[in-house]
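Okay, handing you the structure first.
Worth saying up front: this structure is predicted, and the values here are computed from it rather than measured. Labels below follow one simple rule: chain letters A, B, ... track the order of the sequence lines, proteins then strands, and each chain is numbered from 1.
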Amino acid sequence: MASSAVTSAEIGSDAPRSDFGRVLAQRERRFAAALLAPAFLALLATTTFPLIFLIWTSAFRMDLAMPFTNGFVGFENYQVLLSDERFWSSLLVSLIYTGSTVALQVVIGLALALLVMDMKRGQGWFRVIAILPVVLSPAVVGMIWRTFMLAPEFGIVDFLAINAGLGGKNWLGDPLLAMVSVIVIHTWQWTPFAFMVLLASLASLPEDIYEAARLDRATAWQRFRRITLPLLRPAIVMVVIMRTMVALTAFAAIFTVTAGGPGTATEILNLYAYRKSFTELSIGYGSALAVALLIVTIIISGVLFAMRRAK
Amino acid sequence: MTAKRLRVAALLAISFVFLLAWAFPIIWSVLNSLKTDSDVLAYPPKLVFSPTLDAYRDVLFGSGSILPNLVSSIIISVGTTVVTMLMAVPAAYALARLRFRGKKFAGFYVLATQMLPPVGIIIPYFLVLRNIGWIDTYQGIILIYLSFSLPFAIWLLVSYFEDVPFEMEEAAYLDGASRLRTLWRIIIPQVRGGIAVTVVFVFLNAWNEFLFAVVLSGNTVRPVTVAMFNFVSVEQTLWAKLAAVSVLAMLPVVVLGVVAQKHIVKGLTVGAVKGGGRR
């Protein structure tokens, strides 16, 4: 059957290459190119071109408020950046925010997944409720927390704090409390994500290993340490990678809750780049900050991916 | 026996606390949207009050109505979803199924584009769109939304296309169907579920986007997530109205989220479980 040989040459296996087969392979390439072209043109236009343009812009002094001072400055923006205290503090805030929110999400999410896994009834409730924060807009989440949850006097958090004898606090006005608040908000919104992923992953683990471990009289802690954790490792690492990428470039929730304040207490690098470009209208320097954020993102994701591969 | 019962009780208590912690801010906003301003500001917080729909009436039909903003949000989200899917489905199919040189690089490129921080994209985009007069337009916003929706959609769809058995394609091909026809009539119906999940995600992400919207929106095109700020100013906050707007902004995504609940979890885990690699 000639046609079946042709088909397998085109679709999958490495059948011997006839001239006819080569023509078909070429046709397949063209078909692939036609299918990919629109998406890749759009990606080039919306991601790669801006990236190149961004790097180019970062070599300029481009101040929309004072256009007469604009011009090519080479690496000057980067030199300024290295001695810019606000840059270093925003980098530190970024790292604290990302590190703590990701750690909290994974630990709470995993603990909760293990807990719910053992529940015979009521799992459904968790699944439905867990979906809610995840689908909400971070801007709306930020707004709800800023007003109805964290507002002084009548906000629920303040109400609880007063009744717990802690006294009223200025949750968003105090630098330390503001940082804790934005971390709690991010953790509140995204822990359900870690929870859902880890719960699904837990459910896919083979039951018989646990049976065997139980027969060997392994304690619950041993089973967790020796079986669950190693088997869940790929899922955990993947959650860490995905959440780290998002936390590093978090914007809406912090912007709506504290706008980076008080002062620069909650100003992550991302927010600093935004403020510099669109509030202070210093676009050249803002671009340099955005490039710095990209470099930080690449370094961190490089480390995380290396961890994923390492045994 | 008592130890076990104690454990069960503790478990129940912990889970109840967590369910409440997650649901509470949302429930509380809904309750506040049904109050008057003075009821919102009452101390201690009021759980019992006479509910009113005044806040909804005011934000929808009063002066400064957010109805146009809801329409903006819908146009942006639907537009982004349609354009994204038209481009992502063929691309994902090619990446999952066809053989061509540079395929690995193409796949890597799609993944890499997701790493770009949005703030880096918006700076050059703002400059370009300002020059061509596309600030405060639907096409300007939808175009830039492709930067995050397209890589995500392609990446998610590839995982669904890879699940379709090769034999189906081969059989259709043997029957003399062209490649395009095979894709349209045989493959796409097979991944209908995956396409639906992707549509939901793309819509959600477009509805929730904020940074690009803040920079690019103006008086004509302003999604509800940005317009919400009108209700909070230094001088005064319109508490009940703000709650009503929040609830309206939440409504479409919460409904979608709950309806598509199972699929969303699957969509979320595709990357984490598959990408984590069983190898």
Side-chain angles (χ1 to χ4, degrees), chain A residues 3 7 11-12 28-29 31-32 35-36 38-39 42-43 46-47 50-51 53-54 57 112 115 125 127-129 131-133 135-137 139-140 143-144 147-149 153-154 156 159 192-193 196-197 200-201 234-235 238-239 249 251-252 270 273-274 277-278 283 286-287 290 293-294 297 301, chain B residues 11 15 18-19 22-23 25-26 28-29 32 41 43-45 87-88 90-91 93-94 98-100 113 115-121 123-125 144 146-147 150 154 166 170 173-174 179 204 208 210-211 215 225 228 242 246 249-250 253-254 257-258 261 264-265 268-269 272-273 275-277:
Chain A
S3 64
T7 313
I11 290 179
E28 175 154 342
R29 274 203 296 277
F31 185 55
L35 293 183
L36 287 169
L43 277 182
T46 59
T47 63
L51 174 64
F53 195 30
L54 177 78
T57 323
L112 216 51
L115 193 107
W125 279 102
R127 291 175 197 271
V128 172
I129 300 287
I131 215 82
L132 297 178
V135 298
L136 292 187
S137 158
V140 175
M143 202 55 118
I144 293 174
T147 51
F148 305 120
M149 302 297 291
E153 311 280 330
F154 72 94
I156 293 298
F159 172 74
F193 173 91
M196 285 187 289
V197 172
S201 197
M238 206 57 203
V239 169
T249 54
F251 179 80
N270 195 33
Y274 169 86
S277 308
F278 297 107
I283 294 215
S287 300
L293 173 61
L294 178 64
T297 311
S301 60
Chain B
L11 270 169
S15 24
F18 270 96
L19 278 180
W22 272 339
I26 300 166
W28 194 238
S29 323
N32 277 335
L41 292 168
Y43 186 91
M87 293 178 172
Y93 171 74
L98 300 180
R99 290 188 309 168
F100 54 91
T113 52
M115 271 180 44
L116 269 180
V119 73
I121 297 178
I123 295 171
Y125 246 78
I144 196 169
L146 293 179
S147 67
L150 210 44
I154 294 175
F166 264 114
E170 219 165 27
Y173 204 76
L174 283 180
R179 277 223 98 119
L204 289 180
N208 290 343
F210 183 72
L211 170 60
V215 176
T225 43
M228 192 173 59
L242 174 67
S246 307
M250 285 192 260
V253 289
V254 164
V258 172
Q261 189 229 121
I264 287 198
V265 175
L268 289 174
T269 48
V273 177

Side chain to side chain contact (heavy atoms under 4.5 Å, CB included) assessment of I144(A) paired with W28(B): CA-CA 9 Å; I144(A) 293 174; W28(B) 194 238; over 6 Å; no
Structural part of V215(B) lying under 4.5 Å from a heavy atom of chain A: side chain
Heavy-atom side-chain proximity of L116(B) to L51(A) below 4.5 angstrom: yes
Contacting moiety of M149(A), where chain B heavy atoms sit under 4.5 Å: side chain
Side-chain heavy atoms of S15(B) within contact of L115(A), under 4.5 Å: yes
Which atom of M228(B) lies closest to which atom of A139(A), heavy atoms considered: CE-O, 3.6 Å
Atom pair CE/OG1 of M143(A) and T225(B) - distance to nearest 0.5 Å: 10.0 Å
Top contributor to chain B interface from F251(A), F154(A), W125(A) [non-hydrogen pairs under 4.5 Å]: F154(A)
Close side-chain approach of I121(B) to F53(A), heavy-atom, < 4.5 Å: no
Beyond-backbone contact of F18(B) with I129(A), side-chain heavy atoms, under 4.5 angstrom: no
A94(B) versus A32(A), closest heavy-atom pair with distance: CB-O, 4.2 Å
Heavy-atom proximity to chain B below 4.5 Å, by part of T57(A): side chain
Part of L204(B) lying under 4.5 Å from any heavy atom of chain A: side chain
Heavy-atom side-chain contact between P45(B) and I156(A) under 4.5 Å: yes
R179(B) side chain near E28(A) side chain, heavy-atom distance below 4.5 Å: yes
Side chain to side chain contact (heavy atoms under 4.5 Å, CB included) partners for A249(B), two or more places apart: V140(A), V224(B)
Engaged part of W22(B) at the chain A interface, taking heavy atoms whose separation is under 4.5 Å: both
Between CE on residue M115(B) and CG on residue L294(A), distance to nearest 0.5 Å: 6.5 Å
Smallest separation among heavy atoms of A42(A) and L150(B), with atom names: CB-CD2, 3.6 Å
Residue S137(A) versus chain B: region with a heavy atom under 4.5 Å: both
Side chain / backbone / both / neither for S277(A) at chain B, heavy atoms under 4.5 Å: side chain
Plane angle bin for F159(A) and Y43(B) - parallel if under 30°, tilted between 30 and 60°, otherwise perpendicular: perpendicular
Top contributor to chain A contacts, counting heavy-atom pairs under 4.5 Å, from S147(B), G120(B), P124(B), A91(B): P124(B)
From F278(A) atom CZ to L211(B) atom CG, the distance as rounded to the nearest 0.5 Å: 7.5 Å
Minimum heavy-atom distance between A290(A) and V119(B), given as atom pair plus value: CB-CG1, 4.3 Å
Min side-chain heavy-atom separation N208(B)-L136(A) under 4.5 Å: no
Working for side chain to side chain contact (heavy atoms under 4.5 Å, CB included), residues T147(A) and L242(B): CA-CA 9 Å; T147(A) 51; L242(B) 174 67; 3.4 Å; yes
Closest approach of I131(A) to Q261(B) (non-hydrogen atoms, all atoms of both residues): CD1-O, 4.1 Å
Side chain proximity check, I123(B) to Y274(A), heavy atoms < 4.5 angstrom: no
Shortest non-hydrogen contact between G257(B) and V135(A), atoms and distance: CA-CG1, 4.1 Å
